[in-house]
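Here the structure is a predicted model, which is why all the values come from computation and not from measurement.
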Amino acid sequence: MRLAKLLPYVDKICARVNSGKIFIRYSSGATESECGKKIGVQGKEKQDAGPGEGNGEGNKSSLVLGVYQSGDKFELTAAAAEIDQKSGGKLSRHLNEMSSQLSLGKALVVTDVVPQHGAVALSSLGPKDPGYNTLEDLDETRENVRVMVGAGVNALRGRGSSAVAVDGAAAAGAAAEAAHLAAWRFEEFKSDRQPTPRLSLYGPEGQQAWAEGSILGRAQNWARFLSDMPANKMTPVDLAQAALDVLCPLGVRVAAHEHSWVAAQGMAAFLAVARGSCEPPLFLQCEYRGAADAAPVLIAAKGITFDSGGLCLKPRAQLQEMRGSMAGAAVTLAALRALAELKVAINVVAVIPLCENMVSGQCMKVGDVVRALNGLSLQIEDTDLEGRLALADALVYGQAQFKPALVIDVATLTLSTAKASHQSHTSPPGGVLLGTGGGAFGCFSNSEGAWAALRRAGAATGDRAWRFPLWDYYQRQIRNDPAVDLRNKGSGTATPCIGAAFLKNFICGDWLHLDMTGVGRVAPEAGAAPTYLAPRRMSGRPTRTLVAFLAAAAGQGGGEPGQ
């Protein structure tokens with residue numbers, strides 16, 4: 001039965017495709033296996049819903065052990081001191097010989113320590129218990145553990161270790177995050193894949209924190225998988241299928257609405273973006289209910305599975321990475337996965353417009369005017385600024401339908417300030433990437449409490465946010481045409497601020513706008529990326545920051561998020 005409007009209060013929502021069209025199937029008694037059934041797409045094979053864990057075999061596990069450093073002096077962690085004692089002081093002798101080569105982010109591998117373990121990676125933790133660094137806005141104790149573990153796991157993975165036990169040092173949860181992030185690689189299309197090592201915590205203490213950190217690391221790896229898949233293998237239908245396969249068995253209600261449903265809602269701005277592609281658009285709606293009667297947090301995410309720029313075509317160098325234009329959707333789905341696995345007591349609803357932005361005889365044109373779901377007329381001045389058009393309708397729909405306590409949108413909204421020459425092999429950085437160099441994602445907010453909570457979450461996870469201005473100065477730059485209500489580009493050059501100003505017109509309450517441009521892909525420059533993320537690939541950031549923010553909101557005694 002094809003439905004023309006949403007029925008939100010059902011126990012289970014599943015979807016299937018028949019001849020390219022989505023039908024919504026509701027069942028109060030659907031099993032987990034029914035929820036995970038494949039969407040049948042003619043001519044396509046089912047894609048893996050997420051990365052798998054390695055199953056390599058080995059009789060001996062390798063070890064990652066931490067070493068504190070202060071100048072030319074070193075101190076072993078408790079786990080390293082235990083191994084040193086068992087080895088008769090071999091670790092200390094190795095360190096005496098090679099400690100000058102150690103620094104934070106580096107690891108040394110030795111193989112003749114104890115017979116019950118194979119290779120041992122000695123990895124630097126930097127100074128002991130550095131705590132919170134105000135200038136860096138970072139919990140350095142936790143982040144140094146991630147850096148230490150990432151360096152050690154990378155060193156052992158390169159040696160082909162099939163099982164790795166990790167020293168949790170001062171933060172077993174952070175160690176688990178880094179171990180899973182460092183061990184995983186995107187090798188979906190390689191014929192000779194290297195198995196992902198089996199990971200465990202060394203010692204009995206901190207197992208609960210390790211388990212929770214492992215959930216966060218695996219969730220971010222799923223976001224990396226989704227956003228690194230090529231656009232022909234991660235179409236709107238494929239992304240909806242991945243959400244169904246992974247989230248529905250965890251108790252998250254998922255609905256994938258087809259074109260006719262979107263048109264019936266009046267989402268003309270979203271459909272203007274989608275009409276240039278032969279791939280049918282979908283509107284994905286996911287509901288995680290972890291609390292009883294509390295108002296939900298609404299997350300709207302950009303789900304452009306390939307962004308050519310439309311008629312305002314991107315240069316080739318940028319097109320190579322536009323499979324990741326749906327990284328906001330990937331991060332949001334991964335956050336929902338982590339929340340469900342951790343059973344966080346919060347209600348979260350995600351609304352994700354899924355489509356491609358392509359060039360064709362039917363694509364939107366420069367100068368077109370469309371009307372958003374709240375009635376505002378929008379002039380399309382740049383077809384490459386499509387994300388804000390799709391998000392506008394999603395934000396209006398989500399707020400009207402769910403009356404959220406807080407609205408968050410997650411998007412790669414601004415890539416560059418100007419088009420590069422099509423003859424050029426490189427494109428100038430711009431937007432948030434120009435401002436932060438990939439060191440932080442951009443945040444805009446009309447709520448001081450929500451921003452403060454997000455900042456704390458970023459300091460704890462190592463994925464930091466940086467706040468940009470949300471002033472009327474930028475509002476005037478998109479409202480200064482007497483013929484229309486809003487322009488999608490405006491007259492200024494501060495592209496992140498103008499993008500946020502545009503979205504602000506579709507917000508009715510407390511709001512966080514996360515512009516993740518610059519952190520969605522790991523920078524190739526040496527030293528720019530943390531040791532636990534592979535360079536030149538999609539990063540899955542800021543999945544863990546979003547989860548930490550929502551988990552902290554859930555623990556505030558029933559208060560609204562960000563208050």
Side-chain angles (χ1 to χ4, degrees), residues 4-6 257 259-277 281 283 298 300-304 307-312 325 328 351-401 407 409 411 413-414 444 446 470-509 511 513 515:
K5 65 178 183 177
L6 177 68
H257 299 291
H259 183 284
S260 61
W261 182 93
V262 177
Q265 307 308 308
M267 298 185 186
F270 170 35
L271 291 180
V273 177
R275 71 188 187 210
S277 174
F283 190 86
L298 174 72
K302 177 184 171 186
I304 308 299
D307 180 14
S308 71
L311 287 177
C312 302
S325 193
V351 287
I352 307 175
L354 299 175
C355 69
E356 294 179 337
N357 182 26
M358 297 294 288
V359 182
S360 73
Q362 298 183 6
C363 67
M364 57 182 174
K365 302 174 289 296
V366 175
D368 283 358
V369 176
V370 296
R371 198 165 292 278
L373 193 55
N374 65 349
L376 292 179
S377 60
L378 315 177
Q379 185 177 37
I380 300 170
E381 298 178 310
D382 189 338
T383 63
D384 193 18
L385 300 178
E386 83 296 332
R388 62 198 65 182
L389 299 174
L391 283 173
D393 281 345
L395 287 166
V396 173
Y397 168 80
Q399 290 171 100
Q401 187 72 27
V407 178
D409 72 84
L413 206 65
T414 53
F444 299 79
N446 60 8
L470 192 65
W471 298 333
D472 284 342
Y473 173 81
Y474 304 107
Q475 217 34 253
R476 293 193 292 270
Q477 295 178 359
I478 58 174
R479 287 183 169 272
N480 56 1
D481 189 327
V484 293
D485 294 321
L486 295 174
R487 306 158 62 192
N488 85 320
K489 183 178 181 181
S491 54
T493 58
T495 53
C497 301
I498 291 174
F502 183 92
L503 293 178
K504 185 181 178 183
N505 292 277
F506 306 94
I507 299 298
C508 299
W511 170 52
H513 164 50
D515 189 337

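Between Gly328 and Ala301, the closest heavy-atom pair is O-CB, 3.6 Å. Closest approach of Leu503 to Arg388, counting heavy atoms only: CD2-O, 3.9 Å. In terms of heavy-atom proximity, Ala300 sits nearest to Leu395 at CB-CD2, 3.6 Å. Asp409 approaches His513 most closely through the heavy-atom pair OD1-ND1, 2.5 Å. Residues Met358 and Ser277 come closest through the heavy atom pair CG-CB, 3.8 Å. Summarising the geometry of Asp307 relative to Ser325, their closest heavy-atom pair is CB-OG, 3.6 Å, with the distance given to 0.1 Å.
To the nearest 0.5 Å, the span separating CE on Met267 from CZ on Phe283 amounts to 4.0 Å. To the nearest 0.5 Å, atoms OH (Tyr474) and CZ (Phe444) are separated by 8.0 Å. Note: Leu385 CG to Leu413 CG = 8.0 Å, rounded to the nearest 0.5 Å. Interatomic distance, Leu486 CG to Glu381 CD, rounded to the nearest 0.5 Å: 10.5 Å. The distance from atom CH2 of Trp511 to atom CG of Leu298, rounded to the nearest 0.5 Å, is 12.5 Å. Here the CG atom belonging to Leu470 is positioned 8.0 Å from the CD atom belonging to Gln475, to the nearest 0.5 angstrom.
Side-chain atoms of Thr383 never come within 3.5 Å of backbone atoms of Lys365 as a donor-acceptor pair (strictly under, hydrogens ignored). Here the side chain of Gln399 pairs a donor or acceptor atom with the backbone of Phe506 at under 3.5 angstrom. Without hydrogens or angle criteria, Asp393 side chain to Ala269 main chain gives a donor-acceptor distance under 3.5 Å.
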Item to check | Test side chain to side chain contact (heavy atoms under 4.5 Å, CB included) applied to Val351 and Gln401, step by step | outcome: CA-CA 11 Å; Val351 287; Gln401 187 72 27; over 6 Å; no
Go through the steps to decide whether Val370 and Met364 satisfy the test side chain to side chain contact (heavy atoms under 4.5 Å, CB included), and finish with yes or no. CA-CA 10 Å; Val370 296; Met364 57 182 174; over 6 Å; no
Given side chain to side chain contact (heavy atoms under 4.5 Å, CB included), test Phe270 with Cys355 step by step and report yes or no.
CA-CA 9 Å; Phe270 170 35; Cys355 69; 3.7 Å; yes
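Residues Asn488 and Glu386 have side chains that never bring a donor and an acceptor to within less than 3.5 angstrom of each other. With no hydrogens or angles considered, a side-chain donor-acceptor pair links Asp485 and Ser377 at under 3.5 Å. Between the side chains of Asp515 and Thr414, at least one donor-acceptor pair of N or O atoms lies under 3.5 Å.
Scored by the side chain to side chain contact (heavy atoms under 4.5 Å, CB included) test, Arg476 finds Asp472, Tyr473 as partners (sequence neighbours excluded).
Taking 4.5 Å as the limit, some side-chain heavy atom of Leu378 sits within range of a side-chain heavy atom of Phe502. In this structure, the side chains of Arg487 and Asn480 come closer than 4.5 Å at one or more pairs of heavy atoms.
The aromatic rings of His257 and Trp261 lie parallel to each other, their planes meeting at an angle below 30°, with 60° marking the opposite boundary.
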